[in-house]
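Bear in mind that the values here come from a model prediction, so they are computed numbers and not experimental data.
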Amino acid sequence: MKKILVAVLTFIIVLAIGFFIFAPSLFEKQNNQIDGQPLPEISAEAQKLHDSLMIVDLHSDTLLWKRKITDSVDYGHVDLKRMQQGNVGLQIFSSVTKTPRGQNYDSNSAETDNVTMLAIAQLQPIRTWTSLLERQLWHATKLDRAVTASDGAMVAISTPSHIDGLVSARSKSEKMIGVIFSAEGLQTLEGKRENLGKLYDAGMRMAGLVHFFDNELAGSMHGEEKGGLTDFGRLIVGDMEDKGMIVDIAHSSRDTVADVLKIARRPVVSSHGGVQAVCAVNRNLNDEEIKGVAATGGVIGLGYWDGAMCDTDPKTIAKAAKYVRDLVGIDHIALGGDFDGAVTTRFDTSGIVHVTQALMDAGFTEAEIRAVMGGNALRVLKQGLIPLKDLPKQAVEQTSETGQ
């Protein structure tokens, strides 16, 4: 009997070890895929232009997964080596802390959570198993550790001067990559206004208000109520703008988007998604919302997956960019791939040159391509990262009056 118990316990231990070692990576491999469909050849002209760009991507969910950004792997979409291969200059890494069971674009309850089990399977610190705030602070720690481990290949960005330094260094062929910490929903505040300061101190400089469910701040496009900003949400939007944290309306309900655009004093971004005119998915922006974002001086980050474009063809990304350009001007288009966001794409970040090629094929000029691939995002980041108290008085008054 004793031998049987020992054998059973040994078997259970082996299973547990196998689970904690292999399950997290297997889960990611199932969720972050490349569809393998054909891609056109990259012309020498497109490659030369691409190699000269300062590329900015507004959204990646790589921090959700167990692997380190500095690890070179053959799955998922983003790691340091592939960012270098793709000539990425600045990547915003978002923190996903909670996703609902049966997640969909139409209606989700806030009562369930898939990420708790993922946190346990990844053997994250126990404090992250029960606290969304601690889960997000752990993601900040992971990003800080990746920067340190990169030995200068990645640098943390939290001020406009950091952006200037990064651009200057890259212009001298010092190809380090800037990284910024963001949030996929501020349910992590756990209803406490003071927790925003903890996230800011941890390096967060941009945040989406909601993710796939309604929270204490606002309604989600994918929530049950889909309401607008709450009183708490209005306070947090104001606090973010005061601190120099960029407000991200991705995943927000129509009412939330309208409420944010009415009160915004700084540039607003939609970090990852698309436009209704090209892909009529509910999360994508309609013409009124595109015009509203543009009125704040903000940008719309175009994604690469079928939920944003209704397919994964780079030509469709260019089609969406053309639509926004023709509606509100070239200055309001950016990239927001949603790489590693449990999505399937046509290419990973090493192949982002396919967006450059698609824009070139669609007739965009070199100046327009530079704007879309990173110039517009850099402008908005530099503006948005300045605390309101540090803006000249005249600029503050103009911003309050015009929304720009």
Side-chain angles (χ1 to χ4, degrees), residues 35 37 56-59 104-106 208 210 212 219-222 226 228 247-262 264 267-339 341 343-347 352 354-365 367-369 371-377 380 403-404:
D35 62 22
Q37 295 186 49
V56 180
D57 185 281
L58 295 175
H59 193 91
N104 63 85
Y105 275 6
D106 297 319
V210 293
F212 270 90
S220 165
M221 175 55 71
H222 324 293
K226 299 179 176 62
V247 177
D248 179 5
I249 58 170
H251 293 289
S252 292
S253 68
R254 300 279 178 233
D255 286 347
T256 295
V257 172
D259 287 346
V260 170
L261 294 177
K262 284 177 186 176
V268 170
V269 308
S270 176
S271 65
H272 58 301
V275 296
Q276 288 278 317
V278 171
C279 178
V281 173
N282 63 1
R283 63 166 294 157
N284 288 345
L285 302 181
N286 60 36
D287 286 5
E288 182 180 355
E289 291 165 338
I290 296 169
K291 292 175 181 177
V293 171
T296 72
V299 290
I300 296 158
L302 299 176
Y304 310 148
W305 77 106
D306 60 357
M309 295 294 144
C310 288
D311 63 42
T312 61
D313 193 328
K315 292 180 181 178
T316 311
I317 302 169
K319 182 180 179 181
K322 183 179 185 300
Y323 185 84
V324 176
R325 181 195 64 184
D326 294 347
L327 184 66
V328 294
I330 195 67
D331 293 339
H332 306 291
I333 312 164
L335 305 178
D338 200 24
F339 280 142
V343 296
T344 296
T345 60
R346 187 72 60 93
F347 52 88
I352 200 170
H354 288 284
V355 179
T356 302
Q357 181 73 64
L359 292 171
M360 185 177 286
D361 292 344
F364 283 73
T365 67
E368 289 176 327
I369 292 172
V372 172
M373 297 297 287
N376 294 335
V380 169
Q404 296 186 21

(request) I would like to know whether Leu335 and Val56 meet side chain to side chain contact (heavy atoms under 4.5 Å, CB included); could you show each step before the answer? (result) CA-CA 7 Å; Leu335 305 178; Val56 180; over 6 Å; no

(message) Using a 3.5 Å distance criterion without hydrogens, assess whether the side chain of His272 forms a donor-acceptor pair with backbone atoms of Gly301.
(response) no

(request) Can you run down the disulfide (SG to SG under 2.5 Å) pairs that involve residues 296-328, sequence neighbours left out, and say none if there aren't any? (result) Cys279-Cys310

(request) Can you see which heavy atom on Met373 is nearest to which on Ile352, and at what distance? (result) CE-O, 4.1 Å

(request) Name all pairs fulfilling the ring-ring contact (aromatic ring centres under 6.0 Å, His included) condition that reach into residues 295-319, sequence neighbours left out, sorted by first residue then second. (result) Tyr304-Phe339, Tyr304-Phe347

(request) Output, in order, the C-alpha distance, side-chain angles, deciding distance and verdict of side chain to side chain contact (heavy atoms under 4.5 Å, CB included) for Ser252 and Val260. (result) CA-CA 10 Å; Ser252 292; Val260 170; 5.8 Å; no

(request) Please determine which of Asp57, Asp338, Asp248 meets the side-chain hydrogen bond (donor to acceptor under 3.5 Å, both in side chains) test together with Ser271. (result) Asp248

(request) Measure the spacing between OG of Ser270 and CZ of Arg283 and express it to the nearest 0.5 Å. (result) 7.5 Å

(message) To the nearest 0.5 Å, what is the distance between CE on Met360 and CD on Glu368?
(response) 12.0 Å

(message) Tell me the closest heavy-atom pair linking His251 and Val210, and the distance in Å.
(response) O-CG2, 3.6 Å

(message) Please report the interatomic distance CG(Asp306) to CG(Asp313), rounded to the nearest 0.5 Å.
(response) 12.5 Å

(request) Return the minimal non-hydrogen interatomic distance between Thr256 and Gly219, and the atom names on each side. (result) OG1-O, 3.0 Å

(message) Please check if the number of heavy atoms outside Lys226 that lie under 6.0 Å from its NZ is greater than 12.
(response) yes

(request) Using the test side chain to side chain contact (heavy atoms under 4.5 Å, CB included), find all partners of Ala371 that sit at least two apart in sequence or belong to another chain. (result) Ile330, Asn376

(message) Distance check, rounded to the nearest 0.5 Å: Glu289 atom CD versus Leu261 atom CG?
(response) 7.5 Å

(request) Taking only Lys NZ, Arg NE, NH1 and NH2, and the carboxylate oxygens of Asp or Glu, determine whether Asp326 and Lys322 approach each other closer than 4.0 Å. (result) yes

(message) Once side chain to side chain donor-acceptor pair (under 3.5 Å) is applied, do any residues pair with Thr312, and if so which ones, sequence neighbours excluded?
(response) Asp35, Arg346

(request) Evaluate side chain to side chain contact (heavy atoms under 4.5 Å, CB included) for Ile333 paired with Arg325, printing each intermediate quantity in order. (result) CA-CA 7 Å; Ile333 312 164; Arg325 181 195 64 184; 3.8 Å; yes

(request) Write down the atom of Gly303, the atom of Ala308, and the distance for their closest heavy-atom approach. (result) CA-CB, 4.2 Å

(request) Looking only at non-hydrogen atoms, find the nearest pair between Leu302 and Gly274 and report the distance. (result) CD2-CA, 4.4 Å

(request) Find the distance between CD1 (Ile369) and CD (Gln357) and round it off to the nearest 0.5 Å. (result) 9.0 Å

(request) Heavy atoms only: give me the nearest Gly273-Asn284 pair and the separation to one decimal. (result) C-OD1, 3.7 Å

(message) Holding to side chain to side chain contact (heavy atoms under 4.5 Å, CB included), I want the full list of residues that pass it with Met221, two or more places apart in sequence or in another chain.
(response) Arg254, Asn282

(request) With sequence neighbours excluded, tell me which residues meet side chain to side chain donor-acceptor pair (under 3.5 Å) with Asp311. (result) Thr316

(request) Calculate, to the nearest 0.5 Å, the distance between atoms NZ and CD1 belonging to Lys315 and Ile317 respectively. (result) 12.5 Å

(request) Please step through side chain to side chain contact (heavy atoms under 4.5 Å, CB included) for the pair Asp287 and Tyr323, ending with a clear verdict. (result) CA-CA 10 Å; Asp287 286 5; Tyr323 185 84; 2.7 Å; yes

